[in-house]
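Before any comments, here is the structure.
Everything numeric in this text was worked out from a predicted model, so none of it was measured. Chain naming here is simple, since letters A, B, ... match the order of the sequence lines and numbering starts at 1 in each.
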Protein chains: 2
Amino acid sequence: MTDKTQAAEQEFLADYDPYAFPPVAVTADVVALTIRSNELCVLLVRRARPPYEGSWALPGGFLSARRPGEPTNTPLETIDEAAARALAAKTGLTMSADTQAVSAHNAASRVYLEQLRTYGDQARDPRMTVVSVAYVALAPSLPKPTAGHGTTDARWVPIRELEIDREEGRVISQNATAYPLAFDHAQIIADGVERARAKLEYSPLAAAFVGEEFSIADLRHVYEIVWGEPLHPSNFARKVLSTPGFVEGTGTFSAEAGTFGGPRAKLYRTGDCALLHPPILRAASERKIR
Amino acid sequence: MTDKTQAAEQEFLADYDPYAFPPVAVTADVVALTIRSNELCVLLVRRARPPYEGSWALPGGFLSARRPGEPTNTPLETIDEAAARALAAKTGLTMSADTQAVSAHNAASRVYLEQLRTYGDQARDPRMTVVSVAYVALAPSLPKPTAGHGTTDARWVPIRELEIDREEGRVISQNATAYPLAFDHAQIIADGVERARAKLEYSPLAAAFVGEEFSIADLRHVYEIVWGEPLHPSNFARKVLSTPGFVEGTGTFSAEAGTFGGPRAKLYRTGDCALLHPPILRAASERKIR
DNA sequence: ACAATAGTGTCTCTTAGACACTATATG
DNA sequence: CATATAGTGTCTAAGAGACACTATTGT
């Protein structure tokens with residue numbers, strides 16, 4: 001292929017449109033979700049510079065591409081790695097993304113990262129085209145994030161406080177007074193939350209929100225908080241335990257009971273399945289979108 | 001905002017990394033699927049120029065971005081529109097994508113288009129970083145496509161002939177002798193086919209493969225061909241009819257019966273639901289990925 | 001003792017899947 | 001008449017949801 005490099009370049013310049021190569025920037029933006037004090041929260045940073053100076057935005061960063069003239073064998077990050085880098089910069093996590101295309105799940109840091117979708121609104125910024133590849137990250141409770149480059153603050157914000165109104169999958173208003181959102185990030189957050197809600201139905205990812213070992217009640221609380229609806233404790237336990245590969249018992253029990261006492265709960269860790277069969281469906285799925 | 005343009009530009013250049021802006025190209029590539037002579041087919045074009053000259057590739061095109069110095073109020077295409085444009089160029093379809101972010105479904109041309117995922121393999125081409133935003137298109141049987149710019153041929157290729165072997169969601173080999181695939185397009189096609197298969201479970205999109213009016217048997221054939229497994233005719237019919245909003249009767253009957261006669265089938269058109277409740281699950285979903 | 005929770009047992013209702021069966025139209 | 005298909009009816013097994021019940025332990 002190296003002997004065809006010149007021809008390859010010409011192909012790029014000639015293909016489709018000779019003016020097809022104005023500057024395009026690609027960013028990886030992360031909808032990082034966690035559960036803090038019984039609320040589903042998203043990681044937001046406050047922008048220090050325009051555009052949207054002072055508004056809140058998703059942590060993200062530009063894809064670090066090869067510079068003109070740089071050797072062609074320079075190792076370059078994938079978009080997945082750029083997303084992991086952006087998240088690590090804000091949370092201090094030593095997370096390395098799986099280099100595979102589908103998803104990244106680092107067992108050590110227990111942060112799950114997967115691509116959400118790509119937002120190609122060229123009107124985002126008046127100066128140049130910015131394509132945003134959005135990711136969803138699910139994490140157990142993490143320490144207070146630190147503001148990084150170009151930001152004055154970084155917080156876990158309860159999504160309830162963002163007051164995002166949706167209709168037919170599209171954000172129609174965003175009334176947040178405390179946290180005005182930059183760009184189209186209200187839409188991205190709404191899509192990311194919906195992805196997380198849907199993921200809990202078909203995958204064992206609820207475990208990504210809790211620690212290494214957890215009780216069935218811990219898992220149920222994750223479902224209840226993310227879905228925003230109460231679940232039947234006994235039926236939930238039966239369903240989780242009857243789904244092959246969802247959890248596996250550790251043989252140990254929780255060290256402490258609840259505030260009012262009660263039996264010690266059995267502890268579990270994540271099983272070996274990637275997909276739940278049968279799925280655990282939300283009652284809200286009844287809303288047949290018509 | 002226009003008064004902040006200078007500051008905005010500085011923000012872009014200063015944010016995250018001062019060298020963050022080497023040239024990046026964004027392409028929209030389409031996995032266009034249709035059913036021809038009882039086979040699931042994907043639209044491929046043969047590359048006329050390197051890299052991968054002579055190999056087969058997905059139809060696609062570069063995102064047409066704003067050129068430096070161009071007025072900032074120039075209307076620019078979204079990535080969705082770029083994908084629709086790439087598809088229309090090969091199929092001759094006068095298709096206009098929905099400008100919404102989630103999906104595009106043009107009733108007139110009866111082509112459904114939705115974003116698949118973004119592939120950020122910077123090693124794709126030795127000369128520059130190319131980010132590929134892939135789409136899946138579902139279409140009823142279409143005429144023979146025409147080769148366009150930079151291609152010497154365009155065909156509907158049965159995916160069976162591509163002989164793509166998968167393992168844990170990743171393509172591990174691609175043995176196609178007749179259709180060697182360019183770039184990472186084997187992976188993208190595999191992901192697109194899997195998306196289509198999954199979509200049939202939860203959405204009424206099987207109707208996108210057939211004409212405006214169809215019988216239950218037509219719909220069943222779509223499921224059988226896409227999933228590659230036979231379905232129980234009577235149970236399938238009962239399930240489709242009991243799923244609210246999937247199809248609505250037209251009151252008419254098919255003009256002709258089968259080769260061996262039989263009753264005329266009732267005809268239906270697409271209903272008003274966007275999601276099937278309950279879903280129509282494949283038996284292959286039993287394969288709990290573990 | 002009381003309150004709250006972990007976990008099991010059991011009942012009912014719905015649905016999936018299998019298959020029998022009738023009606024229809026073409027060679 | 002033979003044959004294949006459209007569509008309905010029926011039976012069984014499995015799962016969802018509701019709820020009763022026991023066991024446990026901190027206040």
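Ion pairing between a basic and an acidic side chain is recognised when a charged N comes within 4.0 Å of a carboxylate O; A/Arg269 and A/Glu248 show such pairing.
Here C/dT5 presents its P atom at 17 Å from CG of A/Asn235, a figure rounded to the nearest Å. As rounded to whole Å, 14 Å separates atom P of D/dG17 from atom CZ of A/Arg282. D/dT8 atom C1' lies 17 Å from atom CZ of B/Phe236, rounded to whole Å. In this structure, the NE2 atom of B/His277 is 16 Å from the C1' atom of C/dT14, given to the nearest Å. Rounded to whole Å, the distance from CZ on B/Phe253 to C1' on C/dT26 is 18 Å. Remark: P of D/dG9 and CG of B/Leu241 are 12 Å apart, rounded to the nearest angstrom. In this structure, B/Ile280 atom CD1 and C/dG17 atom C1' are separated by 14 Å, rounded to whole Å. One interatomic measurement links the two molecules: CD of B/Glu256 to P of D/dT5, which rounds to 16 Å at whole-angstrom precision.
Both A/Arg238 and B/Ser215 lie close to DNA chain D; mapped to their nearest nucleotides by heavy-atom distance, the more 5′-ward contact belongs to B/Ser215. Map A/Arg220 and B/Arg264 each onto its nearest nucleotide of DNA chain C; the residue landing nearer the 5' end is A/Arg220. Both A/His232 and A/Gly262 sit near DNA chain D, but only A/His232 has its closest nucleotide nearer the 5' end.
In this structure, the nucleotide among C/dA23, C/dA16, C/dT8 sitting nearest to the side chain of A/Ser234 is C/dT8. Among the nucleotides D/dA18, C/dA23, C/dG7, the one closest to any side-chain atom of A/Lys266 is C/dG7. Relative to the side chain of A/Ala265, the nucleotides D/dA4, C/dG7, D/dG17 differ in distance, and C/dG7 lies closest. Counting only heavy atoms from C-beta on, B/Phe260 has its side chain closest to D/dA4 among C/dT8, D/dA4, D/dG17.
With hydrogens and angles left out, the side-chain atoms of A/Tyr268 and A/Asp218 include no donor and acceptor closer than 3.5 Å.
Atoms CD1 and CZ, on B/Ile216 and B/Phe246 in that order, are 8.0 Å from each other to the nearest 0.5 Å.
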(request) Start with the C-alpha distance between B/Tyr135 and B/Arg117, add both sets of side-chain angles, then the distance that settles side-chain contact (heavy atoms from CB on, under 4.5 Å), and finish with yes or no. (result) CA-CA 7 Å; B/Tyr135 284 76; B/Arg117 67 168 277 136; over 6 Å; no
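Within the structure, every side-chain polar atom (N or O) of B/Lys239 is placed at least 4.0 Å from both OP1 and OP2 of C/dT15.
Checked against the 6.0 Å centroid criterion, the rings of A/Tyr202 and B/Tyr202 qualify as a close aromatic pair.
Contacts of A/Pro233 with the nucleic acid, taken as non-hydrogen atoms under 4.0 Å apart, are absent.
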